[in-house]
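See structure below.
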Amino acid sequence: MGYAKLKKITVILLVALVTAGLFMTSLLVGPADINIGNIFDYFCGKYNPVIHLRFMRACMAVISAAGLSAAGVFLQGLLRNPLAGPYILGISAGSAIGAVGAICCGLGTAFILLPVPMVCAFIGAIITIIVVYRLALKDGNLSVQNLILAGIAVNSLLSSVLLFAIYSSKNEAINGIIWWLLGSLQVFDIRIVLFSGGIVSASILLAIPLTKELNAVSIGDDLATYVGIKVEWIKTIFFVLSGIMTAAVVSSVGMIGFVGLVIPHITRKLFGPDIRVLLPASVVIGSGFLLIADMLCRILFIPAELPIGIVTSLVGAPFFIFILVITRKGS
Amino acid sequence: MKNNILELKDVTAGYGSKEVLKNISFFVKEGSFTGIIGPNGSGKSTLVKTLGNFLKPDRGIIYYRETDVRNITHKEYAKKITVVPQETKTVFDYTVRDFVTMGRYPYTGFWGTLSKEDTKEIEEVLFTTGLNKCCAKNINEMSGGEKQMVFLARALCQKTSLIVLDEPLTFLDIKHQKIIIHILEKFNKEKALTVLMVVHDINTVLKHCTDTIILNEGSVYASGNTEATVNKETIREIFETEVEFVKCGDKNLFF
């Protein structure tokens, strides 16, 4: 193993360690006083509602960041476009329509195994994935350009439907809708954590053995074919995995911007374009980032809480600019 | 025939309903240095894509050493035939080494971990192509000539017995043209690599290619020994222009 690779792996492990630290810290942060002793007791089996809520929240931060960052890495590689992200394919809008539809129908608080708006959001996202995929097929092959165009078209269409739904719904529904659109990592049922966590981790585990193939596809369909990659197969797998992960995350915590687009981008600047490195690096960096953003949500305006969607961009954009500046200097 | 590495029988290929190659048949001799010439739009690039397994023929059969290529898996195919495409834009900033390493993908396992043999092969190719001096360089910061060399190195790492190149010399200065031809001739002679190369410059064909295939309007106009196929009459017929041939050493060149 080369020195450069060893260095990258060490850095990723260090970031993972820091992220684990942030995870524990996030259990301490918030309006209610919790100390390390309480956390220790909690993990030993002594139930504490505040820590339980914070624990689920921290889990959702890691799951969402992992899902969105991984989807971003896959789609940017697949579409050979560093500006692609999980939301470009209209998946978020599709799931928003599902959730908003449920809220507008008065099912905002209904529950069948999982919250009904969440189930509807997931179904909405899956339908959107299928529609975009079908639209992007050209002579039976998945065309990268068509995929982006189909995504943009479907996204615009669904966004206008969404705006219409907001325009025509009653006041009490609007609050629910807005809260959902802005996103919140706070979930109240461990089943949501298990559902989204299961989907995200299964997708990432499935993707890991195929990252080598995605590397080849990120250079060009023809060049990938010439080194023996079944390009259509790989493109379909990664498209579907990205779609399902985004659907699981967005239906659980709403739309959290910035992470899926910019975390893979920042990570590529720091670690290079090899997806085998980029995937774990994006997951740990994204998780750390979202844990920090979530803690800020809780402490900036105590006791009020900011929606996570606002803070991710507020903190993320300057950080992104900082990365752009330092990498431009070549340091 | 036994000593043909590649044989096409009535191959028709194209894009959607548009047929570009129409019922073409030809063969490439084992160990030959074959040139493909033809006017713009004659189907040269489509032929390259078809030979690279990127474009599936609508009809007809391609044989690799008497095996129908439809019976060869993608991975096995990439160990037998490889393609160096025309200058391609790359989006992501891969280093020369990482890019060339991808040539070993048909040989590596799941994660793409390199064996000792893979590493040896890569080092050898990097050395032969002179890229060992700029392994860590970003391919997007390289000149056209250097980048072409990286694409060639990646294909050579695949250790195939046939390499197909689509106009590898077009945007290169004379120095880089000579280097690429020199490397191809070296692999052709020392490693029995059969070279099939689309070229625009007919003098390159006359000087370096043992055999030539002339394409015109999606069909094979002529194929065989270069001296027999490329002459004043065929050039006039295909390119609709008059040329003069002159003797230069033991070769005919035209101007």
Side-chain angles (χ1 to χ4, degrees), chain A residues 1-5 8 73 76-84 137-141 143-144 206-234 264-265 267-280 327 330, chain B residues 14-18 45 48-49 51-56 72-86 88-95 97-99 101-114 119 135-136 138-141 151 154-155 157-158 160 163-164 166:
Chain A
M1 194 185 299
Y3 169 71
K5 225 166 235 167
K8 279 178 189 171
V73 168
Q76 290 179 5
L78 180 70
L79 302 173
R80 294 188 277 281
N81 189 335
L83 297 176
L137 285 182
K138 187 183 167 195
D139 300 332
N141 292 339
S143 147
V144 165
L206 271 174
I208 286 173
L210 298 171
T211 40
K212 171 189 110 175
E213 276 81 356
L214 187 59
N215 260 346
V217 174
S218 77
I219 285 175
D221 287 0
D222 52 348
L223 281 158
T225 310
Y226 302 149
V227 288
I229 309 288
K230 282 186 182 169
V231 174
E232 286 310 313
W233 186 224
I234 294 299
H265 208 81
T267 318
R268 194 177 298 106
K269 288 257 173 221
L270 299 172
F271 291 88
D274 188 337
I275 290 158
R276 288 171 297 179
V277 179
L278 208 50
L279 178 62
T327 48
Chain B
Y15 309 93
S17 56
K18 193 178 160 227
S45 292
V48 170
K49 285 181 191 159
L51 294 179
N53 208 10
F54 184 57
L55 212 59
K56 298 268 177 278
I72 302 176
T73 62
H74 275 69
K75 215 171 170 180
E76 283 306 311
Y77 197 96
K79 293 179 190 172
K80 301 177 192 312
I81 302 175
T82 186
V83 170
V84 179
Q86 267 183 45
T88 313
K89 256 189 129 177
T90 42
V91 177
F92 299 114
D93 295 338
Y94 278 96
T95 62
R97 180 183 288 278
D98 284 347
F99 196 86
T101 300
M102 283 189 203
R104 293 306 290 176
Y105 273 10
Y107 298 89
T108 57
F110 255 1
W111 186 251
T113 317
L114 300 174
T119 318
C135 284
N138 171 356
I139 52 164
N140 287 328
E141 286 168 7
F151 278 80
R154 177 184 189 264
C157 269
Q158 279 174 254
T160 55
I163 186 169
V164 185
D166 194 357

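Each chain gets a letter, A, B and so on, in the order its sequence line appears, and its residues count up from 1.
- Between the side chain of A/K212 and the main chain of B/T113, no donor-acceptor pair closer than 3.5 Å is present.
- With rounding to the nearest 0.5 Å, the separation of CD1 in A/I219 from CD1 in B/I139 is 6.0 Å.
- There is no contact between A/L210 and chain B, counting heavy-atom distances below 4.5 Å.
- B/Q158 contributes no side-chain N or O that, together with a main-chain N or O of A/G228, makes up a donor-acceptor pair within less than 3.5 Å.
- Neither the backbone nor the side chain of B/Y77 comes within less than 4.5 Å of any heavy atom of chain A.
- Side chain of A/R268 to backbone of B/F92: no donor-acceptor contact under 3.5 angstrom is found.
- Residue contact with chain B, scored on non-hydrogen atoms closer than 4.5 Å, involves the backbone and the side chain of A/S218 alike.
- In this structure, CG in A/L223 is found 4.5 Å from CZ in B/R154, a value given to the nearest 0.5 Å.
- A/D222 and B/P85 make their closest contact through OD2-CB, 4.1 Å (heavy atoms, listed as atom of the first residue, atom of the second, distance).
- Side chain of A/K230 to main chain of B/H74: no donor-acceptor pair is present (N/O by atom type, distance under 3.5 Å, no hydrogens or angles).
- Comparing B/K49, B/M102, B/K79, B/K75 by how many heavy-atom pairs each has under 4.5 Å with chain A, the most go to B/M102.
- Only the side chain of B/F151 comes within contact range of chain A, with heavy atoms under 4.5 Å apart.
- Here the closest heavy-atom approach between residue A/T225 and residue B/N53 is recorded as CG2-O, 3.5 Å.
- With a 4.5 Å cut-off on non-hydrogen atoms, A/N215 touches chain B through its backbone and its side chain both.
- Scanning both residues, A/P82 and B/V91, for their nearest heavy atoms gives CD-CG1, 3.7 Å.
- Of all the listed residues (B/D93, B/L114, B/T90), the one sharing the greatest number of non-hydrogen pairs under 4.5 Å with chain A is B/D93.
- Chain A forms more heavy-atom pairs under 4.5 Å with one residue of B/V84, B/T108, B/T95, B/T73 than with any other, namely B/T108.
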